[in-house]
Structures are given as C-alpha cells and as structure tokens.
Amino acid sequence: LGTKDKDNSHLDSGADSVEDLLFGGVQITPGSVDLGDVALEVTATSDVMLHNLGDTAATITRARIQEAGFDVIATTAFPLDLGPNATSILTIEFTPTAVEQYLGVLSIGVAGEVGYAEVPVSGQGIEGTGTPSDDTGSTTSPGEGQLATSALSIEFREVATETDDG
C-alpha cells in the first residue's frame, strides 16, 4: 500500500479515510483529503503533513496532482530534504470550474523508493456558496464570516419632518 501500484478503487466509493500513510520512512498525514463542497471558482485548501520518521534525511523528490481542479503548494522547492524527525507541510488547493465531483491523486516521491505514495484527493464543485475561507485560508462555518461594505458615495437629501406644536 502507498505505492504507485496501489488499488485506487476506493476513490469512487466515497470513503473518507484519514488513515496516515507511511512511505520511505516518511509519514503522510492525512492519508486522504476530501475538500468537500466548494462553490465554482472559489479555492478551498487543506494541509498534508510530511514527517520524516527515519534516523537519516529523506528527500522528497516531488509532490504533484495531475488532475484538473487541484494544485499543490509547497513551502520550498523540490527536491525537499527532510532531516531526521523534520516536518514539512504541503497545501492542497481545490478550485472547481464545473458542477461535478473531482477525484485526484497526490503523488509524493521519496528518493530511493520505487513508485510514489498516493494520497486520494476529492472535492465537489457546486453552484452558489461552498467552503468559504477567511484571508488566512482558514475555513469558516456558515454564519461565521464577516461582511464589510464600502460606499463609493453617499448622498444626503433634505427630509421633511412633522413637528407637534401641540
């Protein structure tokens, strides 16, 4: 498991596994990523942690998702050297362009290993609102966002009032 030859039939099953993967001495957490329902042209993100469990450095040779709608953002360029007990974060971005289910595989290469660790990724493109995020990338629940307005111009006019001379 965790190699290029791994059976990926679970991608179509809707399984929501978050079991960690171990490949070439590198622990990959979570072992699958579901970005949920996301509005068209909105970007949702999720982090994947790479942790070197070995006593020597591990070199991450690549991290890539070929399927449309997904992108991988790394904190440094590849190859990425992870020292013993070191950790690095990959950010998965999902930006749907159609109302449909998106399935992909995050392929992670480790020097000296045959094949790749494969992390299933998924998301659903929807109309309207999806997974909102604030300016830090943290997702918010409905009702938790902030709304700011700005008027380009305000026009004040006289308003007739009635007075009680009574």
Rounded distance [0.5 Å steps], CD in Glu127 versus CG in Asp37
12.5 Å
Spacing of Ile65 atom CD1 and Leu103 atom CG [to the nearest 0.5 Å]:
11.5 Å
Using the test side-chain contact (heavy atoms from CB on, under 4.5 Å), find all partners of Ala111 that sit at least two apart in sequence or belong to another chain.
Thr59, Thr61
Determine whether a donor-acceptor pair (N or O, by modelled atom type, separation under 3.5 Å) exists between the side chain of Glu93 and the backbone of Val72.
no
Can you measure from CD1 (Ile92) to CZ (Phe70) and round to the nearest 0.5 angstrom?
9.0 Å
Whether Tyr102 and Phe94 hold their rings parallel, tilted or perpendicular, with breakpoints at 30° and 60°
perpendicular
Which is it for Val119 and Ile28 under the side-chain contact (heavy atoms from CB on, under 4.5 Å) test, yes or no, and what are the steps along the way?
CA-CA 8 Å; Val119 178; Ile28 303 165; 3.8 Å; yes
Could you pull out all residues at least two apart from Asn85 that satisfy side chain to side chain donor-acceptor pair (under 3.5 Å)?
His51
For Thr97 and Leu40: C-alpha separation, side-chain torsions, deciding distance, then whether side-chain contact (heavy atoms from CB on, under 4.5 Å) applies.
CA-CA 5 Å; Thr97 57; Leu40 300 182; 5.9 Å; no
Applying side-chain contact (heavy atoms from CB on, under 4.5 Å), name anything that partners Ala77, two or more places apart in sequence or on another chain.
none
So does Glu100 get a backbone contact from the side chain of Gln124, meaning a donor-acceptor N/O pair under 3.5 Å?
yes
What distance separates Thr29 OG1 from Asp47 CG, expressed to the nearest 0.5 Å?
11.5 Å
Mind checking the CG-OG1 spacing from Leu90 to Thr75? Nearest 0.5 Å is all I need.
7.5 Å
